[in-house]
*Asks:* 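My structure is below; once you've seen it, I'll send some questions.
Counting starts at 1 for both ligands and their atoms, following the listed order. Computed from a predicted structure; not experimentally measured.
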Amino acid sequence: MQEFELIRQIFRNADYAQPNAQIVQSIGDDCALLNIPAGQQLAVTTDSLLEHVHFPADADPFLLGQRALAVAVSDLAAAGAVPLAFTLALSLPHPDVAWLQCFSRGLAAMAQQCHIRLVGGDTTAGPLNIGITAMGCVPQGCGLLRSGATAGELLFVSGPLGAAAAALRLFKHDSLLSADTQQQLLDAFWTPQPQLALGQWLRGKAGAVQDISDGLLADAAHIAHESGVQLCIEQHKVPLAQAAVACDAAQALNWALTGGDDYQLLFTLTPAYQEQLQHEFPQAVCIGYVQVGQGLQLVDDQGRLLSYTKTGYQHFG
Ligand code: ADP
Ligand code: MG
């Protein structure tokens with residue numbers, strides 16, 4: 001129990017866990033107390049990262065801290081929310097102080113980048129498992145949902161896909177790739193960039209929005225289902241991450257379509273916003289459109305229907 005007290009101290013004393021104008025009570029009491037500005041709603045999301053499932057054993061704790069928080073904050077971006085606070089449910093086989101300090105520095109780096117603070121959590125003994133609940137604020141009624149796509153809108157992705165999925169190969173095999181390419185793949189996997197500015201820009205404009213965590217096809221199917229429309233993805237327009245192509249040109253498209261972990265945003269927008277979008281977010285690419293119907297269509301550059309078997313990662317698949 002004394003060891004758990006030590007863990008709490010590591011987090012409690014960290015810069016990114018200190019109160020601010022919106023955080024009245026942070027770590028140290030039964031509950032944190034947060035001020036939500038008038039006219040705002042709280043956006044709340046939880047993500048778990050398990051050893052062997054979401055990251056390899058013996059992963060660098062600094063990178064793990066960065067990634068765990070980035071993955072959770074990415075959901076806030078998809079809601080159009082401004083990050084406020086997060087809690088950390090940590091299960092650890094044994095309390096290794098050096099490991100925890102390094103993990104905390106990783107959390108700190110991402111917390112600083114995303115302007116979010118740690119306000120509490122829970123610590124238990126068990127297999128390594130990192131659970132993060134992130135909270136953000138969004139103006140009343142302006143939260144972005146998966147259910148708002150309508151026929152006639154265009155479908156966009158916020159940036160190139162496939163690099164994080166390609167990185168998984170580096171964990172399994174020795175690689176002959178250049179050091180530069182390897183680093184780009186590892187960065188994509190370990191340091192995804194939550195698309196907060198884009199998410200906030202999309203408020204009041206986008207039909208449906210979500211972040212791509214399981215795979216483009218799988219996540220696009222979620223928007224189609226929740227919105228009661230059909231999404232058509234033009235395969236040749238899907239932007240492939242350069243490092244994924246350098247890693248394996250024959251696999252890159254497959255990684256982009258079905259590999260998860262890139263944490264780009266997938267969203268629908270009326271054509272009237274396209275020019276403004278491309279000006280403000282030049283990385284965004286139109287990859288298809290929304291039409292009446294249901295489910296997902298994948299087509300080639302002639303408009304011919306393509307078949308696919310796998311859509312993305314499924315935990316109970
Ligand atoms: P309780 O038993 O009332 O839930 P705990 O003794 O578990 O409280 O925790 C004491 C304080 O430490 C609480 O404010 C809690 O939020 C915080 N805390 C515990 N574990 C963590 C953690 N892993 N990260 C951040 N804060 C933590
Ligand atoms: Mg209590």
*Asks:* Partners of Gln291 by side-chain hydrogen bond (donor to acceptor under 3.5 Å, both in side chains), sequence neighbours excluded?
*Replies:*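 Partners of Gln291 under the side-chain hydrogen bond (donor to acceptor under 3.5 Å, both in side chains) test: Gln230, Gln297.
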*Asks:* Would you say ligand 1 has an N or O under 3.5 Å from any N or O of Leu90?
*Replies:*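 It does not: no N or O of Leu90 is found under 3.5 Å from an N or O of ligand 1.
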*Asks:* Is Leu49 reachable from Phe171 through a run of I, L, V, M, F, W or Y residues, each pair having side-chain heavy atoms under 4.5 Å apart?
*Replies:* yes
*Asks:* With sequence neighbours excluded, tell me which residues meet ring-ring contact (aromatic ring centres under 6.0 Å, His included) with Phe55.
*Replies:* none
*Asks:* Run the numbers for me: atoms of ligand 1, each under 4.0 Å from some heavy atom of Ile27, listed by number.
*Replies:* 12 (O), 14 (O), 17 (C), 25 (C), 26 (N)
*Asks:* Quick one: which ligand 1 atoms are inside 4.0 Å of a heavy atom on Gly120?
*Replies:* 16 (O), 24 (N), 25 (C), 26 (N), 27 (C)
*Asks:* In terms of atom number and element, which parts of ligand 1 are under 4.0 angstrom from non-hydrogen atoms of Leu88?
*Replies:* 22 (C), 23 (N), 24 (N)
*Asks:* One residue to check: Asp29. Relative to ligand 1, which of side chain, backbone, both or neither has a non-hydrogen atom less than 4.0 Å away?
*Replies:*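 Contact part for Asp29 vs ligand 1: backbone (N, CA, C, O).
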*Asks:* For ligand 1 and Ser26, I'd like to know whether there is a polar contact (N/O to N/O, distance under 3.5 Å).
*Replies:*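 No, there is no polar N/O contact under 3.5 Å.
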*Asks:* Give a yes or no on whether the backbone of Gly141 and the side-chain of Gln41 come within a donor-acceptor separation of less than 3.5 Å.
*Replies:*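 Yes, because the side chain of Gln41 sits within donor-acceptor range (under 3.5 Å) of the backbone of Gly141.
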*Asks:* Pairs of nitrogen or oxygen atoms closer than 3.5 Å, one from Gly28 and one from ligand 1: do any exist?
*Replies:*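 Min N/O separation from ligand 1 is below 3.5 Å for Gly28.
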*Asks:* Provide the number and element of each atom of ligand 1 under 4.0 Å from a heavy atom of Asp30.
*Replies:* 3 (O)
*Asks:* Is any side-chain heavy atom of Leu84 less than 4.5 Å from a side-chain heavy atom of Ile36?
*Replies:*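 Counting from C-beta outward, Leu84 and Ile36 do come under 4.5 Å.
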*Asks:* I want to check something: taking the side chain as every heavy atom from C-beta on, are Val71 and Asp211 in contact at a cut-off of under 4.5 Å?
*Replies:*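 Heavy-atom side-chain distance check fails, nothing below 4.5 Å.
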